[in-house]
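We're numbering straight along the sequence, starting at 1.
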Amino acid sequence: LLLNREMSGLSVDDFRRRFPDAGEPPTHRVRAPGRLSILGEHIDYSGYGVFAFAISQAIHALCRPNASRVLRIRHKHPDTFPDAEHQLQPDLGIDQSQLKWSSYVLCGIKGIQLHFSESEKDLVGMDILVTGDVPQSAGLSSSSALVCGSALAFLSVNKLTLPLEQVADICAASERFVGTQGGGLDQATCLLSREGQALSIEFNPLKCESVTLPAGAQFVVMNCLLDKWKAASPEYNTRVVECRLAAKMIAKLKGLDVDSISTLGDLQKCLAKPLSDMAQIVEECLSVEDYSRKSIEEFLGRSEWSTITASHNFPEGVTRFKLRQRALHVYRESERTDACKRVCAESAADSLQRIGVLMRECQESCRVLFECSCPELDQLCDLACASGGALGAQLCGAGWGGCAVALVPAHALPTFLHTIKEQYYLADEYRRSRYTENTMFVTQPGQGATVQPL
């Protein structure tokens, strides 16, 4: 998703320039931050908790109601981000074959619209002006921030309120209108984060707990400069399907009711086993060899195969599946996430070092078992730990490009930044040409989304 990388927000004058026919000024200012995941990569859609926090970079919007039942969507920079207008109607359409930046605005609006579809509320149209500085296609959830910000804006202009936990659930579901079958990590972090604290997020039902990180933790976000747009690539939804298939396969092998199990988290609950036992169960039940589509259909039945793949926008060209590897990553990554929470609670002298070890293990699992890393991310993480003095480093977000995050002791920060810049960004002509102040930056846990009446 392409969003402008400027550091400033929006002014009322910006709004008037982009809506010259609007007699009334904007009524609300909305800020929706990007997010940084520390541990819990690719496990939210399997029903497991994650560890993340909001960053300072955010989507900014100014909005006001209009009387025309039209959604008028504008960006501060229209040459790059074209205007869009849509009638506010029950079947508000989002064309997955022609996704635009405004498609994510429509996702947020449509989620709220569907939530209130049974009520007597007559929803009004909206004029919304957007900008942002969340790095694009970088694994920092610029798209989810835009969905969440748009949902909050639409609620505000319609004088509606909902608990933020409910808005997070709505936005997680509505972002699937662009075709990405994600969990709820991005939306929950964007909406529920508190400044200075990380979030431990559990799902089904959504439950968030603020966690204080050990003193001295400095997180450095490093863009590998290989863009990856989650909604436009097949790998993400393929992993979702592989995890679903792994759960179903083990359930059938264990004699469970397959229809009652959708995720690897469901499987653990039905087996009534502790998380620490699940990796061994996977190794006992699933082959290290790839599974073919034919072998899965024969074991689960064609109807079950069709149900899973049809409901997750599955790319038809994929014919081989690594079910054992994907399931092992999910269960072990969930154990690492739980371990990180315990480390933070203990506040021991070696807490930062222990979190660093967990992050390195996460990256290795993403590289080997889940195969969601890439050579550029691997190189960045290796440099961060071997040459830069980081305690740990891992990819963040979906992977296959985008950003990595490193945990760096405060005293080592200047040396770390210099080393990574010299050895990664300036050592390559392409990277050198794309390097900006937003390519690598230090961040701390920030405040979640806010709405300010004007």
Side-chain angles (χ1 to χ4, degrees), residues 1 3-4 9-12 14-16 18-19 22 24-34 54 57-78 81 83-89 92 94 100-116 121-134 141-175 177-178 186-188 190-193 447-454:
L1 176 65
L3 290 174
N4 190 269
L10 293 169
S11 69
V12 173
D14 292 326
F15 189 87
R16 286 173 173 151
R18 295 296 287 116
F19 292 101
E24 297 296 325
T27 57
H28 295 84
R29 181 185 299 276
V30 178
R31 176 187 170 276
Q57 285 81 354
I59 299 302
H60 302 274
L62 290 172
C63 59
R64 51 152 279 167
N66 64 50
S68 62
R69 288 190 60 81
V70 172
L71 303 169
R72 300 200 299 172
I73 303 168
R74 305 285 188 266
H75 196 279
K76 186 177 180 180
H77 301 282
F81 308 101
D83 297 352
E85 294 197 7
H86 298 267
Q87 288 290 328
L88 183 59
Q89 51 193 7
L92 187 61
I94 299 172
K100 305 170 185 177
W101 76 274
S102 55
S103 302
Y104 293 85
V105 177
L106 293 178
C107 280
I109 293 169
K110 185 169 183 176
I112 299 303
Q113 181 188 35
L114 290 174
H115 178 79
F116 287 99
K121 179 67 179 177
D122 187 18
L123 300 175
V124 302
M126 177 173 68
D127 297 337
I128 183 169
L129 176 62
V130 175
T131 191
D133 61 347
V134 185
S141 297
S142 59
S143 55
S144 296
L146 186 52
V147 173
C148 292
S150 302
L152 291 175
F154 194 58
L155 281 169
S156 299
V157 300
N158 278 282
K159 300 179 181 180
L160 298 169
T161 58
L162 289 171
L164 287 177
E165 291 83 358
Q166 192 169 4
V167 179
D169 283 337
I170 290 170
C171 290
S174 65
E175 192 165 337
F177 292 130
V178 298
D186 302 341
Q187 299 80 11
C190 174
L191 291 163
L192 302 172
S193 289
Q447 179 61 40
T450 57
V451 178
Q452 177 189 358
L454 298 177

Considering the options L10, V30, I59, which one meets the side-chain contact (heavy atoms from CB on, under 4.5 Å) requirement together with V130?
I59
Could you please spell out the steps behind the side-chain contact (heavy atoms from CB on, under 4.5 Å) verdict for T131 and H75?
CA-CA 6 Å; T131 191; H75 196 279; 4.0 Å; yes
Any donor-acceptor pair under 3.5 Å linking the side chain of D133 with the backbone of A58?
yes
Atom pair SG (C63) and CZ (F15), whose distance is rounded to the nearest 0.5 Å
7.5 Å
Just verifying a value: how many Å separate F177 CZ and S103 OG, rounded to the nearest 0.5 Å?
12.5 Å
Side chain to side chain donor-acceptor pair (under 3.5 Å) involving S68 - partner list, sequence neighbours excluded
N66
Would you give the length of the straight line joining atom CG of L160 to atom CZ of F116, rounded to the nearest 0.5 angstrom?
4.5 Å
Review item, side-chain donor-acceptor pairs of residues 162-170, under 3.5 Å, at least two apart:
{"unit_1": "Q166", "atom_1": "NE2", "unit_2": "H115", "atom_2": "NE2", "d": "3.4"}

Between M126 and the options L88, T27, I73, V157, the side-chain contact (heavy atoms from CB on, under 4.5 Å) test singles out V157
Only one of C190, C148, C107 forms a side-chain contact (heavy atoms from CB on, under 4.5 Å) with C171, so which one is it?
C148
Interatomic distance, S174 atom OG to I94 atom CD1 [nearest 0.5 angstrom]
7.5 Å
Spacing of R74 atom CZ and D14 atom CG [to the nearest 0.5 Å]
14.5 Å
Ion pair R18/D83, N-O distance below 4.0 Å
yes
With Q87 via side chain to side chain donor-acceptor pair (under 3.5 Å) - residues at least two apart:
none
Using only atom types and a distance under 3.5 Å, with no angle test, would you say the side chain of R72 pairs donor to acceptor with the backbone of L129?
no
Please enumerate all residues that pass side chain to side chain donor-acceptor pair (under 3.5 Å) together with N158, with sequence neighbours excluded.
none
Trace of the side-chain contact (heavy atoms from CB on, under 4.5 Å) decision for L146 with V134
CA-CA 10 Å; L146 186 52; V134 185; over 6 Å; no
Residues in side chain to side chain contact (heavy atoms under 4.5 Å, CB included) with A54, at least two apart?
P33, S193
Who passes side chain to side chain donor-acceptor pair (under 3.5 Å) against T161, sequence neighbours left out?
none
